[in-house]
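Take a look at the structure set out below.
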Amino acid sequence: MYPSRFRYEAPRSLDEAIALLHEGGGEAKVLAGGQSLIPLMKLRFASPELLVDINEIGDLDYIQVGSDGALHIGALCRHAHLERSSMLTSTQPTMAAAAPLIADPIVRNRGTLVGSLCHADPQGDWASVVVALGGHVIARGPAGQRAIPVSQFVSGPFQNVLAYDEIAVEAVIPAAKGEPAGGYLKLERRVGDFATVGVAVAVERSGGSISRAGIALTGVGASTIDAVDASQALVGAPLDVERIAHAADLAAQAAQPRTDHRGSAAYKRQIVRTFVVRLLNRVADSADRAA
Ligand SMILES: Cc1cc2nc3c(=O)[nH]c(=O)nc-3n(C[C@H](O)[C@H](O)[C@H](O)COP(=O)(O)OP(=O)(O)OC[C@H]3O[C@@H](n4cnc5c(N)ncnc54)[C@H](O)[C@@H]3O)c2cc1C
């Protein structure tokens, strides 16, 4: 199917893009990588009157460490850029594990991490990763700039808290205070598919103990699930078998899976438990090897 008719603008500055969104009065949409929006428009699930293509705006395609040590990922930073970034391999194990698991190489060449957060698909992988890492989104609109924690950015399936005339300009991952460890595991029916279940684990270690932990779940609820109780159960002690099993049980309890053609709710809950154990065992093993 062809999309409905729409007006197309490709502004060269953020201010111009924001003014266009404002003028659109809620009937305009930002176009970033187009890997989610264009299919929705072709199916006519989305019919914006105005498309504001941000790809001509310079300076939005970056991944860099700020003076505060935080990782800043611009709105036009593609999945493929993240997949190839040596910065992630050396300092962001959870992100490095997730990047090659997003879709397929063609989608990764165009799609963006920030676009994925904005799209707020419950099966989107990046939201879980960024929630587990305690990240936030910087949004800019006519009234200025604000920071929104990713755990509060998604307001429901395919919904975010941005005002109609705001643009998400970057995602920010705070600097780790301890030694970062973790990963991302994804159960998919075939390579390149959306997650049946995904689990992101991001921990920081200090002096043999876990000083910070984040566990978030993909595809097992109406939106990304921040498994807060499971994360907190890890903090303040070293990882051991009992603690890992307890955190995995709490994460499985936090999941709200539905039975569908991909598997039963009980099966998906069990996958959450298994993935949490597997990821935390890897963290514990790497600590043992380093000792
Ligand atoms: C075949 C296929 C397989 C896929 N598999 C996966 C997968 O396994 N895992 C996964 O996580 N994703 C998957 N995706 C989705 C993909 O990751 C998209 O790239 C991502 O969801 C959206 O990023 P985008 O840059 O393409 O956004 P777009 O499609 O351009 O936009 C998506 C939505 O976000 C809004 N938006 C985008 N950027 C901004 C911004 N800066 N400010 C405000 N609003 C904005 C748009 O208005 C739109 O509503 C798949 C897509 C396809 C086509």
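Each ligand, and each atom within it, is numbered from 1 in the order the structure gives.
Residue-level proximity to ligand 1 for T112 is carried by backbone and side chain together, each with a heavy atom below 4.0 angstrom. Looking at D193 against ligand 1, only its backbone comes within 4.0 Å, counting heavy atoms.
Taking any N or O of G34, backbone or side chain, at least one lies under 3.5 Å from an N or O belonging to ligand 1. Residue contacts with ligand 1: L31 is placed with no nitrogen or oxygen under 3.5 Å of a nitrogen or oxygen of the ligand (distance criterion only). Looking at A75 next to ligand 1, no N or O pair under 3.5 Å apart turns up. Checked by distance only, ligand 1 and G111 stay at 3.5 Å or farther apart across all their nitrogen or oxygen atoms. Geometrically, ligand 1 and D125 share a nitrogen or oxygen pair separated by less than 3.5 Å.
Here atom 52 (C) of ligand 1 lies nearest to V107 when heavy atoms of I57, V107, L51 are compared. Which of E188, H119, H79 comes nearest to atom 33 (C) of ligand 1 through a heavy atom is settled by distance: it is H119. The option with the heavy atom closest to atom 53 (C) of ligand 1, from among R140, Q35, K186, K29, is Q35.
Shown here is R258, whose CZ atom has no more than 12 heavy atoms of other residues, nucleotides or ligands within 6.0 Å. Taking a 6.0 Å sphere around NE2 of H72, one finds it holds more than 12 heavy atoms contributed by other residues, nucleotides or ligands. Other residues, nucleotides and ligands place more than 12 heavy atoms under 6.0 Å from the CG atom of D285.
For atom 15 (C) of ligand 1, the nearest protein heavy atom (residue, atom name, distance) is S36 OG, 3.5 Å. Of the protein's non-hydrogen atoms, F194 CZ, 3.4 Å is the one closest to atom 14 (N) of ligand 1.
The ligand atoms of ligand 1 that sit less than 4.0 angstrom from a heavy atom of G33 are 24 (P), 25 (O), 26 (O), 27 (O), 30 (O). When each atom of ligand 1 is checked for a heavy atom of G124 under 4.0 Å away, the hits are 11 (O).
Between the side chains of T196 and Y267, no donor N or O sits under 3.5 Å from an acceptor N or O.
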